[in-house]
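Each remark here refers to the structure printed beneath this line.
All values reported here derive from a predicted model rather than from experimental measurement.
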Amino acid sequence: MAGLTESDCIEEERKALLEIKASHMKSYDSEIDHFLPTWVDYDSSTPGDTGCNCCDWERVNCNTTTGHVTDLSLYNLRGVEAESKFWPLNVSLFLHFKELRSLNLSYDYLDHKAIMKTGLERLSSLNKLEILDLSFNTDIDNDILPSLRKFTSLKVLDLSYTGLNGNFPIKFAALENLEMLDLSYCGFNGIFEIQGSERVSIFRKLKTLNLGSNKFNESIVTFLNTLSSITSLDISNNPMSGPFPAQELSHLKNLEELNLRYTGLDGTPNFQGCKSLSRLKWLESINLSENNFNKSIISCLSVLPSLKILDLASSKSLGGSFPIQEFLHLSDLEVLILRGNNFNGTIPIEAFASFHHLDVLDLSHNSFIGSIPSTIQTLASLRAVSFSYNNLNGSLPYHGFCELKNLRELDLSNNMLHGTLPQCLKNLTSLNLLDISSNRFTGKIVPSLIANLTSLEYIDFSHNIFEGSFSFSSFSNHSKLEVIRFSSDNDRFEVETEEPIGWIPTFQLEIIKLSNCNMKIRKGRAIPGFLIHQHKLHTVDLSHNSLEGHIPNWLIKNNMNLEVLKLRNNLFEGISLYRNAKMNWLDISGNRMIGTILDNIQKFFPNIKYLNLSMNALSGVIPSSIGESSELEMLDLSGNGLSGEVPKGLFTGTMDTLILSKNKLHGQILSGNLSWGYLQWVYLDNNHFTGKIGNYNKERPVYLIVLDISNNFFTGVILEWISNMDELSELVGSDSLTPDSEVLEPQNEVQYTTKMLFLSYKGGILDYMAGFDFSCNKLTGEIPEELGLLTQLRALNLSHNHLTGPIPVNLSNLAKIESLDLSSNGLTGEVPSELIKLTSLSIFNVSHNNLSGRLPEMKAQFGTFTEASYDGNSLLCGLPLEKKCTTDSQVVTNPSDEEDNEKWYGIDMTCFYASSCSTCFVLLLGFVAILYNNPEWRRRWLDWVEDCMFICSSCEKLPPKLASDK
């Protein structure tokens, strides 16, 4: 320690940190310039540089007196989510940190075998270690438990989101100093039986316990009722049942916070049970959301003497009229959350008249109607109000919100409120959040209203009917502003960003959305100049503004945390881009970009998930490097001039959406052994693809929901594997498709072609669409009967091919189909009458085939189809066609269809030969009769025969060559 200066780190510990860095870089091939750049060796530092002092390194804290490392925050070193390779960390390296108090290794993909092999249990010798976080390491399992029980100095242990499972780990009882234990999102499903003194001795100091999102049943509450020291308990999202466990919980006399969200509880305890809750004298917060309680639970909870926070959101049986009387006894509440309960009627302000301490009131996602009563001003203590996602109408009262001087958050979004904004809103100078989006507000946004709200951090005026010009300089003094959303739905609203010239914002935004705002419509269409001063942006949307110039590379360069950049439907040129490792969403579709796609685009955006370059003028080939991006989920290159073949890597990665429509791509993309990977939405239409549709390994699941290969040159038959899509029936229409990840944004459209009519499906409906469009190719053979197994199919288009055979009766199983187009093929037989069962069918087209027989009765949806649905089938009869089917015998039948479906004509060959011979005999008799009755014709006929005989006899006497010339 000689010569140690204040804050200088210990050399042994510095070397250990460098070994940890080297281990990680070796495992993941990290670039030295971008991974822990402050962690440098002496040789890499310039003289006098503090880089050699590890106490100055990122993620490291030291004791300012001794220089020992006390805190290591090594969480999420990879910085990405989808990394399947585990890190074989040598945990014995941490033995060098003698005074280590806190170690965070969460989200580091630790290899549990490596940490066990390198001596995890030896870390128990770090007798000052109080905090250990190993959460989000899914490879860790129960093998780690015996080692952890020796860490007796621990006060905080986080093992959430790991692979632990089975019974509750009673071995943790040895951690006698433990105060916080988090075992949420594991796989625990039971408990050990503990008897006698053991029940009293375990977890005597434990204050916070999180067992949420496991598989415990209601018996877990009985097990926990001996943990008298608990102050915060979370057992949410466990499969419990029965009434609220009041008696069991009443033993936790020190409880202050309780979370029973989404546990399946569905009843109110009896009178004695409710009365027992009065023992919980310190319980201030209770979360009972997403259960099935009725209104009686409110009265039961009123016995809690200290209750301040109550969350009853999304309680299935609470809906209907608002329980005003029940809430009168909860007047001490400070936070009341009642969203998503389907309450109706007007907003019941009178129910809260006695709530003199109410800070937060959330009535969002209900069915309240009418206007907002001016009596809301009586709730003077309110700091946050949300009435969003209701059916409120009327204008905002001039005396109401304006009197709530303590208001910090006001959310009125997604209603039907109209009129102009009251100018008195400018008096709410403490307002941090103002959201009035998706209403019908009109008039101009007065600059003084905004300029006065200098405490704003979040503002959203999107999707209203404002008009006139709004100057962005109204925000010039809003130093706290972080989020601005001003998306417009009309052409009468304009955002002025450049006046007065040279204004400089005092804010640093994180999110800005100025979609369709007619920015600077009179003075050119350049990108807003104030953005050059922004350096903390992570979401930018300037779509639909006709902005001109080059792609704003400086915007990407200045904001290294930029994750989302949407420049859709502008007039930008150029395609040079700046590297940004954080970017995961890039949409520059609908611009004027020319040239080729960058060969190494995945190096510019290594974590890109959504890439949309559609509707530009790009040419050349699709770089194979795009398929190497392990993070890419959605790729849209449609509407360009791309040529060449499609890289195979696009079909083998983790991508779920691939759109290559309307290019000049070629090759036999569907030939050979197909692999669809995880693709769900695939659009290959309007290209020059050729070849047959290949086979697919039936042992591998197919996740396809939409497949469009129309307007190409595919040949061959439709193979049976297309109907072998188990995921289709499981995924279509399920919540799992509401893209956690936003597969297609609302502006995107999908078109299904029927009768050469383009039907567009847009926005959220895409989550429920499933369809196949194979139209306009050269496919042959019959329609596979197995297509009838795709019961969730919404659209099927096989038109303009060379398909033959009958229409499969099994298509009547497609109960959800809305569009069925089989036109312009060579189909034969009848239109199956069973198709009448398709009650969702709105478009049906079998025109221009070789169909015959009686049409299905005009019932249900078939009563809406016109003659155009059956044009070009001359052998069909029955309504809506003019040709009537008078008797069954007049209907042309074809016995040979049973033997050969390719023979579409109905002919009895015996009758055919007999009638042909008879016709010839009759013609011969008629000819003889004419010659007999007409001497002049008889003479000419005999002269012609004589001449022919003379010519033939002359040719026989000539040499061969002369005979041929003759």
Side-chain angles (χ1 to χ4, degrees), residues 212-213 218 221 232-238 240-246 249-250 255-270 273-274 276-278 280 283-355 357-368 379 381-390 409 411:
S213 299
E218 57 275 10
V221 183
S232 177
L233 175 62
D234 186 343
I235 48 178
S236 62
N237 195 20
N238 278 285
M240 302 165 64
S241 60
F244 180 77
L249 292 171
S250 64
L255 197 60
E256 299 176 6
E257 181 180 3
L258 174 63
N259 189 347
L260 290 171
R261 180 190 65 83
Y262 196 51
T263 50
L265 299 175
D266 58 1
T268 303
N270 57 29
C274 290
S276 67
L277 290 177
S278 61
L280 303 178
L283 186 59
E284 295 185 351
S285 174
I286 185 168
N287 186 344
L288 301 179
S289 62
E290 299 182 66
N291 285 292
N292 199 23
F293 294 114
N294 58 30
K295 297 172 184 179
S296 62
I297 192 65
I298 302 172
S299 300
C300 185
L301 297 176
S302 63
V303 304
L304 294 169
S306 301
L307 190 61
K308 299 290 189 298
I309 301 173
L310 175 59
D311 189 345
L312 286 171
S314 302
S315 295
K316 299 177 182 178
S317 300
L318 275 183
S321 59
F322 192 83
I324 296 177
Q325 293 299 320
E326 287 83 350
F327 275 107
L328 294 179
H329 303 288
L330 291 171
S331 57
D332 290 331
L333 283 178
E334 297 178 0
V335 176
L336 179 58
I337 302 175
L338 297 173
R339 67 173 176 268
N341 284 306
N342 202 29
F343 289 127
N344 53 36
T346 58
I347 293 181
I349 296 298
E350 63 273 21
F352 315 118
S354 60
F355 286 43
H357 306 289
L358 190 61
D359 287 339
V360 177
L361 177 60
D362 187 351
L363 299 179
S364 62
H365 294 268
N366 283 288
S367 300
F368 290 117
L379 306 180
S381 61
L382 277 178
R383 293 175 178 268
V385 177
S386 179
F387 294 157
S388 64
Y389 290 93
N390 280 283
E409 298 183 8
D411 187 354

## Note on the structure
Given the options Leu328, Leu333, Leu361, Phe355 meets side-chain contact (heavy atoms from CB on, under 4.5 Å) only with Leu333

### Task
May I have the step-by-step check of side-chain contact (heavy atoms from CB on, under 4.5 Å) for Phe352 and Leu382, ending in yes or no?
CA-CA 11 Å; Phe352 315 118; Leu382 277 178; over 6 Å; no

### Task
Check the pair Thr268 / Ser296 against side-chain hydrogen bond (donor to acceptor under 3.5 Å, both in side chains), numbers first and verdict last.
CA-CA 7 Å; Thr268 303; Ser296 62; 2.7 Å; yes

### Message
Show, in sequence, the C-alpha distance, side-chain angles and deciding distance for Leu288 and Phe244, and conclude whether the side-chain contact (heavy atoms from CB on, under 4.5 Å) test is met.
### Response
CA-CA 9 Å; Leu288 301 179; Phe244 180 77; 3.7 Å; yes

#### Entry: Sub-4.5 Å side-chain heavy-atom contact between Ser321 and Lys295
yes

### Query
For Val221 and Pro245, which heavy atoms make the closest approach, and how far apart are they?
CG1-CB, 4.1 Å

### Query
Quick one: CG on Asp332 to CG on Leu304, what's the gap to the nearest 0.5 Å?
11.5 Å

### Task
Identify the heavy atoms of Leu312 and Ile297 that sit nearest to each other, and give their distance.
CD2-CG2, 4.5 Å

### Query
Is the gap between the ring centers of Tyr389 and Phe368 under 6.0 Å?
no

### Query
How long is the span from the CG atom in Leu338 to the CZ atom in Phe322, to the nearest 0.5 Å?
5.0 Å

### Query
Distance from Ser354 atom OG to Phe327 atom CZ, nearest 0.5 Å?
11.5 Å

### Under-4.0 Å salt bridge between Lys308 and Glu284
no

### Task
Indicate yes or no: at least one non-hydrogen side-chain atom of Ser241 is less than 4.5 angstrom from one of Glu218.
yes

#### Entry: Donor + acceptor pair across side chains of Asn237, Ser213 (<3.5 Å)
yes

### Message
Looking at Ala313, is its backbone amide N or carbonyl O close enough to the side chain of Asp311 to form a donor-acceptor pair, meaning the two atoms are under 3.5 Å apart?
### Response
yes

### pair Leu310-Leu330: side-chain heavy atoms closer than 4.5 Å
yes

#### Entry: Minimal non-hydrogen separation, Asn390 against Ser388, with atom names
ND2-O, 3.2 Å

### Message
So which atom in Glu326 and which in Ile298 form the shortest heavy-atom distance, rounded to 0.1 Å?
### Response
O-CG2, 3.6 Å

### Summary
Only one of Ile235, Leu233, Asn287 passes side-chain contact (heavy atoms from CB on, under 4.5 Å) with Leu260, and that residue is Ile235

### Query
Does the side-chain contact (heavy atoms from CB on, under 4.5 Å) test come out yes or no for Leu336 and Val360, once each step is laid out?
CA-CA 6 Å; Leu336 179 58; Val360 177; over 6 Å; no

#### Entry: Distance, nearest 0.5 Å, that separates OG of Ser232 from CD of Glu256
8.5 Å

### Heavy-atom side-chain contact between Leu249 and Leu258 under 4.5 Å
yes

### Message
Looking at Ser236 and Gly212, would you say the former's side chain and the latter's main chain have a donor-acceptor pair under 3.5 Å?
### Response
no

### Query
Can you tell me how far the CD atom of Glu409 sits from the CG atom of Asp362, to the nearest 0.5 Å?
10.0 Å

#### Entry: Check: Asn291/Thr263 side-chain N/O donor and acceptor closer than 3.5 Å
yes

### Residue pair Asn294 / Leu318, side-chain heavy-atom distance below 4.5 Å
no

### Summary
Residues at least two apart in sequence or cross-chain that pass ring-ring contact (aromatic ring centres under 6.0 Å, His included) with Phe387, listed by chain then number, are none

### Message
Heavy-atom count check: over 12 atoms from other residues, nucleotides or ligands less than 6.0 Å from Tyr262 OH?
### Response
no

### Task
Verify, without hydrogens or angle tests, whether Asp411 (side chain) and Ser386 (backbone) share a donor-acceptor contact under 3.5 angstrom.
no

#### Entry: Distance, nearest 0.5 Å, that separates NE2 of His329 from SG of Cys300
13.0 Å

### Task
May I ask you to decide if Met240's main-chain N or O and Asn238's side chain share a donor-acceptor pair within less than 3.5 Å?
no

### Query
Is there side-chain contact between Ser315 and Ser289, with at least one heavy-atom pair below 4.5 Å?
no

### Query
Heavy-atom distance under 4.5 Å between the side chains of Ile309 and Ile286, does that happen here?
no

### Shortest non-hydrogen contact from Asn292 toward Ser317
OD1-OG, 2.7 Å

### Task
Could you tell me whether the side chains of Asn342 and Ser367 share a donor-acceptor contact shorter than 3.5 Å?
yes

### Query
How far apart are the closest heavy atoms of Leu363 and Asn366, and which atoms are they?
O-ND2, 3.0 Å

### Task
Could you tell me whether the side chain of Asp359 reaches within less than 4.5 Å of the side chain of His357, counting heavy atoms only?
no

